[in-house]
Amino acid sequence: MIKSIDYSELEKAFSTLRIKMTVSDFTNFAMQKDFSAEQICSVIETFSLLAKRKEQASINFLLKCSRLPLKNPKTFDNFRFEDIKGRDSERLKSLSTLAALHCPAQSELGLF
């Protein structure tokens, strides 16, 4: 009965949580303790939930450390280009079109 259960999710959870246990170790433990299929599924679901929570906490931490404006992110629509002064100001104002990245020689070669 244990062999019919998909353990790939458990393996990913072990990796995410940095648990030094293999799926083989877990199946041996489950067989020694005579776990039912429902119990094994419950363990897999629990570890998967913990892994997802850890991933989300890591994402939130990294976003917080990045100091990116999360509530009002800067976009081309709400950026004030009129405040830009200098000799390359027109080039910066056209940044949203990505025209500066277009290279006629590459398009002639069929690269784009």
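Any value given below was found using the heavy atoms of this structure, including those in side chains, with hydrogens, waters and symmetry copies removed. Please read these numbers as outputs of a predicted model, since none were measured by experiment.
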Hphob cluster co-occupancy, L49 + L17, side-chain heavy atoms under 4.5 angstrom:
no

Side chain proximity check, I44 to Y7, heavy atoms < 4.5 angstrom
yes

Hey, is the main chain of L63 close enough, under 3.5 Å, to the side chain of S66 for a donor-acceptor pair?
yes

Is the NZ atom of K54 crowded by more than 12 outside heavy atoms at less than 6.0 Å?
yes

Interatomic distance, CG@L50 vs CD1@I19, rounded to 0.5 Å, equals 8.0 Å

Side chain N60, main chain A57, donor-acceptor under 3.5 Å:
no

Roughly how far, to the nearest 0.5 Å, is the CD atom of Q32 from the CZ atom of F29?
7.5 Å

So, taking the atom named CD1 in I5 and the one named CZ in F35, what distance separates them when rounded to the nearest 0.5 Å?
11.0 Å

Rounding to 0.5 Å, atoms NZ (K33) and CD1 (I40) come to a distance of 14.0 Å

So, taking the atom named CZ in R53 and the one named OG in S48, what distance separates them when rounded to the nearest 0.5 Å?
12.5 Å

For M21 and F14 the tightest heavy-atom approach is O-CD1, 3.1 Å

Atom NZ in K12, atom CD in E9: separation rounded to 0.5 Å?
8.0 Å

Following the transitive rule for hydrophobic clusters with a side-chain heavy-atom cut-off under 4.5 Å over Ile, Leu, Val, Met, Phe, Trp and Tyr, establish whether I59 and L68 coincide in one cluster.
yes

Which atom names give the shortest non-hydrogen contact between A51 and T16, and what distance separates them?
O-CG2, 3.7 Å

